[in-house]
Amino acid sequence: MELKQFSAFQDDASREGVLFFYSGYFSQNIVSAMADAVRHRLKFQATQAITLRKVFSTFVEMSQNIVHYSADPLTDRTANDNELRSGAVSLGQQGDSYFVACGNPVLRDEVPALKEKIDRVLVMSADEIKQAYREKLRSESDPASKGAGLGLLTLARDAKRPIHYAFEKLPDDTRVFFYLKAVI
Amino acid sequence: MDDFYVPATATSPEIDFRFSSNTLGIRGESYPENATAFYGDALRQLRLYLALLDATHVEINVELKYFNSSSTKILYTLFGMLNDCISKGNDVTLNWFHDEEDETILEFGEELYEDFGQLNFRAIAVSAA
């Protein structure tokens, strides 16, 4: 990347209010280092404690989601530990809100289930989200989930507006790009 | 029974289970890659300890700066275990330290209180560092 392109890339990011952007392989160590950088950045900006925790939580949940579920793993697909998968995450500020966005490839076959899962949360009111969160907390763990199945509800609970998602075609037939954005 | 100790890392808390003095502590950050694996040994030891407990006062101090969604589920399980031991003549005080400005962590504490009413739940607000 020459200086001209590099500057243009930085200017674009700056116009979008991007404070942090990473694209590449995600591991627990990388998440930990990024989380540290994000926390310092938010503290430096004198972010209110409650907002800071929400932004930080959203950033960690999204990043760990890529570690666990991106359909581009370097490690064994069935692994549960020391995973390494590719994706991108971005944190920024627009007006008086923060946004956290992430993207990663997912298997085309997984799209309908993923859509259904998110759509179910999108129609919920703030109270319904809290209620669903409580129920999930009290229920037995979902065997298909590596976490607690609480991740999406945690994002929804901390977001100001309904979370936004989209899918984009990828050159290969088996996978599509999954994009998710939360405004806090 | 031997005490159980795990030092903190950048993404996982210190676990300081002093079974010998019936004082348990969890402090720090909690977003390990795999919360079930991280807390597995601690929960197993705790289960063994609770099974032997008889008319004892237990104190647990939880001081977590941040915990991710999968850790939340584990904490819920852990507090359920403590709540269950009370019916056997023990009593448990849970000191729940939370950032004074962080209503989400306080709310989670209150949820615990709702579900595990036998625990002597004390919310302690601390000022943000």
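A, B, ... follow the sequence lines: proteins, then strands. Residue 1 opens every chain.
Judged by distance alone, the side chains of B/Asn68 and A/Gln64 do bring a donor and an acceptor atom under 3.5 Å apart.
Counting heavy atoms from C-beta on, the side chains of A/Val60 and B/Phe67 never come closer than 4.5 Å. Looking at heavy atoms from C-beta onward, A/Ser139 lies in side-chain contact with B/Lys73 at the 4.5 angstrom threshold. The side-chain heavy atoms of A/Arg53 and B/Asp99, taken from C-beta on, include no pair separated by under 4.5 Å.
For chain B, the nearby part of A/Thr154 is the side chain; its heavy atoms alone come within less than 4.5 Å. Both the backbone and the side chain of B/Tyr31 come within contact range of chain A, judged by heavy atoms closer than 4.5 Å. When heavy atoms are compared at a cutoff of 4.5 Å, A/Arg138 approaches chain B by way of both its backbone and its side chain.
Remark: A/Asp173 CG is loosely packed, at most 12 non-hydrogen atoms of other residues, nucleotides or ligands lying under 6.0 Å away. In the displayed structure, A/Arg134 atom CZ is contacted under 6.0 Å by more than 12 heavy atoms of other residues, nucleotides or ligands. Other residues, nucleotides and ligands contribute more than 12 heavy atoms inside 6.0 Å of the CG atom of A/Asp11. By the neighbour-count criterion of 12 heavy atoms within 6.0 Å, atom NZ of A/Lys115 is sparsely surrounded, having that number or fewer from other residues, nucleotides or ligands. Residue-environment remark: CZ (A/Phe21) exceeds the threshold of 12 foreign heavy atoms within 6.0 Å. Within 6.0 Å of CD in A/Glu2 there are 12 or fewer heavy atoms belonging to other residues, nucleotides or ligands. By the 6.0 Å contact criterion, OH on B/Tyr113 is open, its count of non-hydrogen atoms from other residues, nucleotides or ligands being 12 or less.
When all heavy atoms of A/Val67 and B/Glu33 are compared, the pair lying nearest together is CG1-OE2, 3.9 Å.
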(request) Apply side-chain contact (heavy atoms from CB on, under 4.5 Å) to B/Thr72 and A/Tyr133, showing your working. (result) CA-CA 11 Å; B/Thr72 308; A/Tyr133 183 92; 3.4 Å; yes

(request) Please test A/Arg39 against B/Glu29 for salt bridge (Lys or Arg N to Asp or Glu O under 4.0 Å), starting from the C-alpha separation and ending with a verdict. (result) CA-CA 13 Å; A/Arg39 189 180 265 157; B/Glu29 302 278 357; 2.5 Å; yes

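A distance of 8.0 Å separates OG1 of B/Thr11 from CG of A/Asn29, quoted to the nearest 0.5 Å. To the nearest 0.5 Å, atoms CG (B/Asn34) and CD (A/Gln28) are separated by 9.5 Å. Here B/Ser69 contributes atom OG and A/Lys136 contributes atom NZ; the two are 11.0 Å apart, rounded to the nearest 0.5 Å. Atom OG1 of A/Thr51 sits about 9.5 Å away from atom CD of B/Glu101, to the nearest 0.5 Å.
Transitive grouping of hydrophobic side chains (ILVMFWY, heavy atoms separated by less than 4.5 Å) brings B/Tyr76 and A/Leu152 into a common cluster. In the hydrophobic cluster analysis, where Ile, Leu, Val, Met, Phe, Trp and Tyr join through side-chain heavy atoms closer than 4.5 angstrom, B/Met1 is grouped together with B/Leu43. Cluster membership check: A/Val183 does not share its hydrophobic cluster with A/Ile163, using side-chain heavy-atom separations under 4.5 Å among Ile, Leu, Val, Met, Phe, Trp and Tyr.
Per-residue heavy-atom pair counts under 4.5 Å with chain A were compared for B/Gly80, B/Pro32, B/Ala37, and the maximum is reached by B/Pro32.
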